[in-house]
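Working notes for the structure below.
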Amino acid sequence: MTVALLEKAPEVEYPGLVVPPPMEPLSAEADLGKGIIVPAATFERVLEELDWTWQQLSRGEFPAAIYRRGKDTKERLQILQLAIICEDPLLWCTAFLREPEDIDHKDPYQFFDYQVESLRCMTSVVHQDAAEVGKTREIVAWSTWRNHTCPGGSGLIGAPLQVHLDEIIDAKLDQLSYNRTLEKRLIKHKKQPYTQFKFQNGFKEDYRPAGFDGNAYRGVHAKTFGIIDEAAKKKNPKQWSEFWRALKPSATGRVYSVPDGDRESGYYKLTMRATGTADDGQEDHEDEKSASEDFDNYTWTLFRWGKDLMPAPYWTPQRKKFYVDQYGGEDSPDYRHNVLGEHGDPENSVFPWAQLKHCIRDIQEYRVLKVLVDTAKQEVLIKGYRCDYVIGNDGPQTSEVILRDELFDLTQLFKLDDDGDSQFKQMIRDYFISVPGLKRGGGDFGFAPDPTELTLWNIIGKRDRLVSRLQLKQVTYDQQCQALDALDDLCASADDSMKWGTDYGNAGSAVAHDLQGLQIYEHKSYEDRLRGFMFQSTTDNIDESGEPLTDAKTGKPSKITLKELATDLIVKQMQRQLLELPADPDIISDYTNHTCRIGERQRIYNKQKDHLIDSHRTQKLAGVLGNEMEDIFV
């Protein structure tokens, strides 16, 4: 039986609204046989399409295809309504999926009004969207609809890294768990080496990270759909060509991403082709030409969702001002990418995965401790984990092995005794593993809502190995002092001259002055061992040994900001594989997503999720500049 697509969603006033559910969610498919549940206008339209009448239905007469499949009137009505629902993804998602934000998971899955057209679009689609506007929600809903309405079909969902796929996989598993009918239809969940779902109706869905060259897509054949998430991060043309190679001619494509301004990427070229503005005269390399030809095999529809389409409280004048301040103006690249969904100016990855993955190592002594203070509840949540080293097809995979997950009383945890010790400091000393050899510490201090990141590094010749990481959220300056001092107790002996580097922000300077000025820390000599750095300060450009690098034209040392200097030194270590990092999901995510752009006088680095990287930078500066600086802060 063929049922035409339903009417378009009604026109609504912008900014966006949440779409009212077109029908009640189904408790059981059998309810469809008890009466008309689908919207009346939709039902009448379908009858008109079938050249059928209400009078015929009232006499128990149904179209032949429906009549043969049902044994009585109730079952035939159920089959007819189910066919109508399955033809429209909005109706199907309303009937079978549940709103993840509803604590009871009884409300129907919700969409913003601007999502409906894309959800119902039958061509291939490419999304050029702002951040956090509903891309993942649509991927989960649309693909789950196809899983259950295309018997014997197959789909492929790809992304640059596995961490990008995990959110989709988890959200889909949640949806299946909310509806027992759907949960029973998942007959196989394969997790290794890649995730694969097999459903009762024969549908198979594969999840594959692209990796550096798209090799993981080999061996997959999808005949229903292919979806790419975080598409702008796929820079190697082979990542694209291998993906399209995995799709059969019957498959449609769906590509989602926040643009990053890289006009050489396959994602940018695809958006241009979808709008008919591609530069066909531009010369492509062989792989790029192959990918471009693959784009032409599909009919593309472009969607661009900016945050200004969202309803309150997601978009208000106050939220707009927040984003303007956060990204440094409405004309900044980050604002145009993350708020407007525009391509804007290009930004470059500072730590490409193709290079960084060779620095991910098996560091047995590495430990992470995350501390979250909830003042309202007077509680402190402590989570600790280590990272196993697992090799995937595209290098090391992220790994967390939980070691502790506990709640503590805020009024007692940080309380100092007569000796200046606390339960918190003792916990840190007991949790982290002391390692022999030269060590150096780095700290990027924050105050709510920004986190604090403290890292300890084992210096082995020219090699830097990260061995400890302590993250603090919603903490006071005094609590940050306790954290650094406890790490210092762990790693420094009385005759040790271990150095600390910290940022020179408001929080960093406050913490440093307390460590260097309060009597409780006087015996630790932080005034000699702790150095603060203002990243925008300029200095002579130097190499790892502290030797100046002269400008070829002037013969004088070139000038560079401290942030650029630290970044250059880290990048050189990464390229020479003299940097050792664990398979910590935060590290892999933050480093690979860290980008920069060229300003008028200096490079400008992305400030999103850069606290862990800034802690690394301060450690590096303490190593090359710590002995030469006379002032406390530079």
**Request:** Quick one: closest heavy-atom pair of Gln619 and Trp457, and the distance?
**Result:** CG-CD1, 3.3 Å
**Asked** When rounded to the nearest 0.5 angstrom, what is the spacing between CG in Asp590 and CD in Glu453?
**Response** 7.5 Å
**Message:** For Lys607, is there an ion pair with Asp450 - N to carboxylate O distance below 4.0 angstrom?
**Reply:** no
**Message:** Restricting to non-hydrogen atoms, name the atom on Val220 and the atom on Ala246 that form the minimum distance, rounded to 0.1 Å.
**Reply:** O-CB, 3.2 Å
**Prompt:** Given side chains that start at C-beta, do those of Val467 and Ile433 come closer than 4.5 Å, heavy atoms only?
**Reply:** no
**Asked** Can you tell if the side chain of Leu581 reaches within under 4.5 Å of the side chain of Tyr366, non-hydrogen atoms only?
**Response** no
**Prompt:** Taking it one step at a time, do Asp540 and Lys559 satisfy side-chain contact (heavy atoms from CB on, under 4.5 Å)?
**Reply:** CA-CA 5 Å; Asp540 290 344; Lys559 295 295 183 179; 2.7 Å; yes
**Asked** Is the closest side-chain donor-acceptor distance between Asp206 and Tyr217 under 3.5 Å?
**Response** no
**Message:** Has Thr452 got a side-chain atom pairing as donor or acceptor with Gly446's backbone, closer than 3.5 angstrom?
**Reply:** yes
**Message:** Please determine whether the number of non-hydrogen atoms from other residues, nucleotides or ligands lying under 6.0 Å from atom CG of Asp362 exceeds 12.
**Reply:** yes
**Request:** Go through the steps to decide whether His611 and Asp444 satisfy the test side-chain hydrogen bond (donor to acceptor under 3.5 Å, both in side chains), and finish with yes or no.
**Result:** CA-CA 6 Å; His611 305 286; Asp444 182 67; 2.9 Å; yes
**Message:** Test side-chain contact (heavy atoms from CB on, under 4.5 Å) on Lys357 and Ile391; report intermediate values, then the result.
**Reply:** CA-CA 10 Å; Lys357 67 180 181 181; Ile391 290 290; over 6 Å; no
**Message:** Check whether Trp305 forms a cation-pi arrangement with Lys135 (NZ or CZ under 6.0 Å from the six-membered ring centre, at most 45° off the ring normal).
**Reply:** no
**Message:** Is it the case that over 12 heavy atoms from other parts of the model lie below 6.0 angstrom from the NZ atom of Lys370?
**Reply:** yes
**Message:** Would you compute the distance between atom CZ of Arg336 and atom CG of Asp260 and round it to the nearest 0.5 angstrom?
**Reply:** 13.0 Å
**Prompt:** Are Ile360 and Asp584 side-chain neighbours, meaning at least one heavy-atom pair lies under 4.5 Å?
**Reply:** no
**Asked** Does Asp489 pair with Arg429 as a salt bridge, N-O distance under 4.0 Å?
**Response** yes
**Message:** Under the side chain to side chain contact (heavy atoms under 4.5 Å, CB included) test against Arg304, which residue among His343, Gln128, His127 passes?
**Reply:** Gln128
**Request:** Apply salt bridge (Lys or Arg N to Asp or Glu O under 4.0 Å) to Asp478 and list each qualifying residue two or more places apart in sequence or on a separate chain.
**Result:** none
**Message:** Test side-chain contact (heavy atoms from CB on, under 4.5 Å) on Val373 and Phe414; report intermediate values, then the result.
**Reply:** CA-CA 11 Å; Val373 174; Phe414 298 101; 4.2 Å; yes
**Residues forming a salt bridge (Lys or Arg N to Asp or Glu O under 4.0 Å) with Arg617, sequence neighbours excluded** = Asp614
**Message:** A quick test of your reading: do over 12 heavy atoms of other residues, nucleotides or ligands sit less than 6.0 Å from CD of Gln577?
**Reply:** yes
**Prompt:** Does the side chain of His164 come within less than 4.5 Å of Lys233's, by heavy atoms?
**Reply:** yes
**Request:** Compare every heavy atom of Gly443 with every heavy atom of Ser615, then report the nearest pair and how far apart it is.
**Result:** OG-N, 3.6 Å
**Prompt:** With no hydrogens and no angle check, is any side-chain donor or acceptor of Thr592 less than 3.5 Å from a backbone partner on Trp353?
**Reply:** no
**Request:** Could you tell me whether a side-chain N or O of Arg529 sits under 3.5 Å from a main-chain N or O of Lys524, the two making a donor and an acceptor?
**Result:** yes
**Prompt:** Judged by atom type as modelled, is there a donor-acceptor pair below 3.5 Å linking the side chain of Lys235 to the main-chain atoms of Ala232?
**Reply:** yes
**Prompt:** Heavy-atom count around Gln326 CD within 6.0 Å, excluding the residue itself: above 12?
**Reply:** yes
**Request:** Show the numbers, then the answer: is there a side-chain contact (heavy atoms from CB on, under 4.5 Å) between Asn458 and Ile460?
**Result:** CA-CA 6 Å; Asn458 200 187; Ile460 309 169; 4.0 Å; yes
**Asked** Do Arg208 and Glu242 meet the salt-bridge criterion of a basic N to acidic O distance under 4.0 Å?
**Response** no
**Prompt:** Only one of Lys620, Lys462, Arg576, Arg463 clears salt bridge (charged side-chain N to carboxylate O under 4.0 Å, His left out) with Glu544; which?
**Reply:** Arg576
**Prompt:** What orientation do His594 and Phe351 show, parallel under 30°, tilted 30 to 60°, or perpendicular over 60°?
**Reply:** parallel
**Item:** Donor-acceptor under 3.5 Å (Gln479 side chain, Thr476 main chain)
**Value:** yes
**Prompt:** Does Phe535 reach the side chain of Thr618, with side-chain heavy atoms less than 4.5 Å apart?
**Reply:** yes
**Prompt:** Where the side chain of Tyr207 meets the backbone of Lys191, is there a donor-acceptor pair that is under 3.5 Å apart?
**Reply:** no
**Shortest non-hydrogen contact from Leu484 toward Phe445** = CD1-CZ, 3.7 Å
**Asked** Are Met498 and Leu456 side-chain neighbours, meaning at least one heavy-atom pair lies under 4.5 Å?
**Response** yes
**Item:** Shortest non-hydrogen separation from Thr455 to Trp500 and the atoms involved
**Value:** O-CZ3, 4.2 Å
**Request:** Please answer whether the main-chain N or O of Ser399 pairs with a side-chain N or O of Asp388 as donor and acceptor at a distance below 3.5 Å.
**Result:** no
**Check: Tyr526/Asp485 side-chain N/O donor and acceptor closer than 3.5 Å** = yes
**Message:** Looking at Tyr194, is its backbone amide N or carbonyl O close enough to the side chain of Gln162 to form a donor-acceptor pair, meaning the two atoms are under 3.5 Å apart?
**Reply:** no
**Asked** Asp464 versus Leu578: any side-chain heavy-atom pair under 4.5 Å?
**Response** no
**Prompt:** Looking at Leu565 and Asn541, what are the two nearest heavy atoms and their distance?
**Reply:** CD1-OD1, 3.7 Å
**Asked** Do the side-chain N and O atoms of Lys563 and Gln602 include a donor-acceptor pair separated by under 3.5 angstrom?
**Response** no
**Message:** As a test of understanding, state which of Thr561, Asp568, Thr567 forms a side chain to side chain donor-acceptor pair (under 3.5 Å) with Arg603.
**Reply:** Asp568
**Close side-chain approach of Trp240 to Ile228, heavy-atom, < 4.5 Å** = yes
**Cationic N near anionic O, under 4.0 Å, Arg404 to Asp430** = no
**Message:** Treating His513 as the side-chain partner and Ala510 as the backbone partner, does any N or O pair qualify as donor plus acceptor under 3.5 Å?
**Reply:** no
